[in-house]
Amino acid sequence: MKASLLSAALALGSHVLAKQPAPANQPSLSSRIQSYSADIFPDLKAISLDIWNHPELGRSEHHAHDIIVDYFSNQRKGEWNVTAHAHGMETSWRLEFENKPKGTGCGQKLPVIGFLAEYDALPEVGHACGHNQIVLVGMTAASLVRKAVIELGIAARVVVVGTPDEEGEAGKLDLLKAGAFDGVDVWLIAHPSPGNVLSPLNSRINVLSQFRRDSHNAVVREAYDALLAVRNLANAGLPGTASSVTPVEDVGMFASNVVQGHISLGISGSTLEKVQETVGSIFDSTYPGVTYTVTADASVPGGVNLTVLGPGGHASEATKSPLVLTIETFRALTTDAQEDENLAFYLPGNTTCSALDVTFNLRSRYTADLDSVKDAVEAAVRTTSVAAILTDTVYPSLELTPVLPELFLEVTKAPELYGPDNDWTVSKVAPASTDAAYLQNAVVDPATHALLSADKVVFHPSFGICDPSKKCASNHEPAFRELAGTDYGLGRAEVVSRALAELSVKLLSDKKTMKDVTAIMKKKKNN
Ligand SMILES: *[C@@H]1O[C@H](CO)[C@@H](O)[C@H](O)[C@H]1NC(C)=O
Ligand SMILES: *[C@@H]1O[C@H](CO)[C@@H](O)[C@H](O)[C@H]1NC(C)=O
Ligand SMILES: *[C@@H]1O[C@H](CO)[C@@H](O)[C@H](O)[C@H]1NC(C)=O
């Protein structure tokens with residue numbers, strides 16, 4: 001046993017004694033890690049499905065917290081140092097493990113790999129962002145690394161931090177302030193998505209506009225005036241690179257980063273035919289997956305109920321959503337030369353409220369441009385007599401740092417171990433945002449956009465969970481929730497866990513590679 005382990009350690013690529021050829025019968029690191037998975041993955045998959053079946057919003061992930069802490073404290077007793085309610089956050093937890101094989105010097109600084117584990121869900125659509133798979137990858141990859149470093153006699157530390165509330169209010173910012181990420185240079189996380197891509201992620205901020213008038217009709221009209229002004233701004237072009245704005249009307253089910261799949265606008269002082277004709281002239285194939293109905297509203301005299309349905313989705317997609325169809329209908333009706341002086345707008349079934357809020361979800365490729373996007377949107381909203389404008393925490397952009405993408409591509413090249421669906425690409429297009437960007441704290445040259453330095457290395461691949469034989473969906477669509485619980489999707493999480501584990505063992509066992517990967521941080525210290 002011992003001897004074979006030693007020669008396996010020698011088989012680790014550019015390891016210390018790489019000159020000596022590995023015996024032909026030694027398993028490769030990838031097949032070794034694959035062989036551990038049978039003992040590790042099934043339990044963790046069950047935990048992931050349990051979380052998927054019990055969706056909890058950010059900072060309320062009590063069930064997820066409890067089952068994870070319970071599992072590692074009891075079923076995996078002694079394997080990890082487990083901290084419940086870690087870092088001053090009720091639903092955060094921490095796993096820590098260190099391996100000091102014989103001969104490890106007492107003052108020796110161990111290399112450390114950290115995993116970020118998210119498990120918050122979205123209102124109404126549950127795990128439509130698949131965070132049940134992020135925690136699955138974090139737990140699985142860390143457990144695989146733990147086993148590998150023990151068996152291969154590698155001195156190392158492995159950390160997993162349970163990070164609440166990615167979707168809402170930047171849970172990782174609170175954890176960062178509490179020191180949760182200290183002492184670890186390289187953090188790994190993987191996010192389920194429609195495809196396999198290594199890419200940067202956008203900066204984001206939400207602008208909440210509050211409208212307060214003395215009548216329901218007045219407040220709905222004013223909110224739509226603002227929605228129209230922001231739509232015109234976006235059509236004319238927002239400042240910055242690949243900037244977008246997605247409006248969310250704060251009625252019924254809403255979340256700032258989810259495109260609404262159901263919007264109703266009531267119209268009175270017009271006619272059913274006029275509204276039908278107007279919507280019909282606007283609606284076309286550029287509204288993906290959108291359908292609408294125009295009906296007489298029995299509860300409002302002369303009222304017409306325009307109700308629009310769509311697939312929902314991620315706010316970063318900024319598609320023509322149900323809300324956009326109602327804004328364009330509002331535009332057409334209010335700019336009509338024959339506008340009836342009695343024309344009024346309302347929320348069907350909800351006609352008494354004289355307060356209405358609209359959230360504008362803003363994204364921009366580089367953090368430095370986000371302020372000018374925000375200023376432009378606020379100026380558009382201020383063309384109305386908006387009562388108040390509030391903003392939430394900025395999510396900075398996350399940059400791809402050097403070396404790790406190439407290493408990851410190299411690892412996943414072996415189709416016999418990583419399966420056929422490993423068509424990874426490196427892309428410059430930023431599909432979404434993440435609060436993991438707080439750990440990285442990238443410094444980007446304002447003129448050239450070259451990455452200058454980072455506080456920490458954060459690697460955040462997005463892995464495809466769409467079964468090629470079935471219909472795909474995008475994050476935050478209700479259909480994505482289903483994908484996040486399928487065997488195919490969970491199987492993809494297992495594959496990515498193995499790839500991240502292999503990557504980790506390479507970093508932990510090879511000082512030179514670790515140095516290359518973390519060089520981006522040294523630059524900062526020298527500046
Ligand atoms: C837990 O922490 C203690 C104290 O730092 C350490 O001696 C022990 O090895 C750790 N246990 C594991 C499983 O890593
Ligand atoms: C009614 O509208 C108000 C905003 O005007 C909103 O806060 C509330 O959630 C709505 N109620 C329903 C049932 O949609
Ligand atoms: C408006 O129309 C939709 C779709 O037909 C319907 O579900 C909803 O109940 C209607 N609202 C009212 C207030 O009648």
Side-chain angles (χ1 to χ4, degrees), residues 58 116 118 129 163 165-177 180-181 185-187 189 191 193 197-208 230 233-234 237-246 256-257 314-318 359-380 389-402 404-405 426-462 475 520-521 523-525 527:
L116 300 170
E118 299 169 4
C129 205
T163 63
D165 196 14
E166 194 284 322
E167 296 287 353
E169 271 291 307
K172 289 185 197 70
L173 181 56
D174 294 354
L175 290 170
L176 180 70
K177 289 178 185 160
F181 308 119
D185 294 340
V186 178
W187 288 94
I189 176 172
H191 200 307
S193 94
V197 64
L198 309 179
S199 72
L201 293 166
N202 280 325
S203 60
R204 121 182 175 196
I205 191 169
N206 285 294
V207 172
L208 171 65
V230 172
L233 169 73
L238 293 163
T241 305
S243 305
S244 65
V245 51
T246 297
S256 66
N257 39 11
H314 200 284
S316 68
E317 291 175 286
T359 301
F360 295 97
N361 182 271
L362 314 186
R363 315 261 170 168
S364 198
R365 174 63 188 83
Y366 299 104
T367 320
D369 295 326
L370 200 58
D371 256 348
S372 54
V373 179
K374 177 178 79 77
D375 290 349
V377 167
E378 288 189 359
I389 298 181
L390 310 172
T391 50
D392 71 349
T393 311
V394 171
Y395 281 30
S397 67
L398 185 89
E399 304 300 326
L400 270 181
T401 60
L404 278 177
V426 180
S427 169
K428 287 186 174 159
V429 179
S433 312
T434 172
D435 65 352
Y438 274 108
L439 283 65
Q440 184 186 60
N441 193 24
V443 178
V444 173
D445 186 291
T448 65
H449 293 148
L451 175 65
L452 301 178
S453 70
D455 282 359
K456 294 187 181 305
V457 173
V458 179
F459 186 52
H460 189 293
S462 302
N475 296 69
I520 194 80
M521 298 161 56
K523 283 192 189 165
K524 185 149 201 166
K525 281 172 201 149
N527 276 348

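Along the sequence shown, residues are numbered consecutively beginning with 1.
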Quiz item: Heavy-atom distance under 4.5 Å between the side chains of Ser397 and Leu201, does that happen here?
Solution: no
Practice problem: With the side chain counted from C-beta on, respond yes when Leu362 and Phe360 share a heavy-atom pair under 4.5 Å apart, and no when they do not. | Solution: yes
Practice problem: With Lys374 as reference, evaluate Thr391, Asn206, Ile389 under the side chain to side chain contact (heavy atoms under 4.5 Å, CB included) test and give the passing residue. | Solution: Thr391
Exercise. State, to 0.1 Å, how close Val197 and Ser427 come at their nearest heavy-atom pair, and which atoms those are.
Key: CG2-CB, 3.5 Å
Exercise. Look only at the side chain of Asn361 and the backbone of Thr246, and say whether a donor-acceptor pair between them is shorter than 3.5 Å.
Key: no
Quiz prompt | Straight-line distance of Leu439 CG to Lys172 NZ, nearest 0.5 Å | solution = 8.0 Å
Quiz item: Is there side-chain contact between Gln440 and Thr401, with heavy atoms separated by less than 4.5 Å?
Solution: yes
Quiz item: Is there a donor-acceptor pair under 3.5 Å between the side chain of Tyr395 and the backbone N or O of Glu166?
Solution: yes
Quiz prompt | From CD (Glu399) to NE2 (His449), nearest 0.5 Å | solution = 9.0 Å
Practice problem: For Ser316 and His314, run side-chain hydrogen bond (donor to acceptor under 3.5 Å, both in side chains): C-alpha distance rounded to whole Å, both residues' side-chain angles, the deciding distance at 0.1 Å, then the answer. | Solution: CA-CA 5 Å; Ser316 68; His314 200 284; 2.8 Å; yes
Quiz item: About how many Å separate CD of Glu378 and CG of Asp371, when rounded to the nearest 0.5 Å?
Solution: 9.0 Å
Quiz item: CG/Leu116 to CZ/Phe181 distance, rounded to the nearest 0.5 angstrom?
Solution: 5.5 Å
Quiz item: Between Ser243 and Ser364, does a side-chain hydrogen bond (donor to acceptor under 3.5 Å, both in side chains) hold up when you go through it step by step?
Solution: CA-CA 4 Å; Ser243 305; Ser364 198; 2.8 Å; yes
Quiz item: Tell me, do Ile205 and Asp392 make a side-chain contact under 4.5 Å, heavy atoms counted?
Solution: yes
Quiz item: Given the rule in the side chain to side chain contact (heavy atoms under 4.5 Å, CB included) test, do Asn257 and Arg363 qualify, once you have shown the distances and angles that lead to the verdict?
Solution: CA-CA 10 Å; Asn257 39 11; Arg363 315 261 170 168; 3.5 Å; yes
Exercise. Find out whether Lys428 and Arg365 are in side-chain contact, i.e. whether some heavy atom of one side chain is under 4.5 Å from a heavy atom of the other.
Key: no
Quiz prompt | Smallest separation among heavy atoms of Ser372 and Asp369, with atom names | solution = OG-O, 2.9 Å
Quiz item: Ala437 and Pro396: which non-hydrogen atoms are nearest, and at how many Å?
Solution: CB-O, 3.2 Å
Quiz prompt | Working for side chain to side chain contact (heavy atoms under 4.5 Å, CB included), residues Ser199 and Val429 | solution = CA-CA 6 Å; Ser199 72; Val429 179; over 6 Å; no
Quiz item: Do the side chains of Leu238 and Leu233 get nearer than 4.5 Å, heavy atoms only?
Solution: yes
Quiz prompt | Closest contact, heavy atoms only, His460 versus His191 | solution = CE1-CB, 3.7 Å
Practice problem: Enter the distance from Leu173:CG to Asp165:CG here, rounded to the nearest 0.5 Å. | Solution: 11.0 Å
Exercise. Would you name the heavy atoms of Lys456 and Trp187 that are closest together and state the gap between them?
Key: CD-NE1, 3.7 Å
Practice problem: Evaluate the side-chain proximity of Val245 to Val373: yes if any heavy-atom separation is below 4.5 Å, no if none is. | Solution: no
Quiz item: Is there a side-chain contact between Tyr366 and Ser203, using heavy atoms and a 4.5 Å cut-off?
Solution: no
Practice problem: Give the C-alpha distance, both sets of side-chain angles, the deciding distance and a yes or no for side chain to side chain contact (heavy atoms under 4.5 Å, CB included) between Ile520 and Val457. | Solution: CA-CA 8 Å; Ile520 194 80; Val457 173; 3.9 Å; yes
Quiz item: Measuring from Asp435:CG to Thr163:OG1, what's the distance to the nearest 0.5 Å?
Solution: 6.5 Å
Quiz item: Can you check whether Leu208's main-chain N or O pairs, donor with acceptor, with Thr359's side chain at less than 3.5 Å?
Solution: no
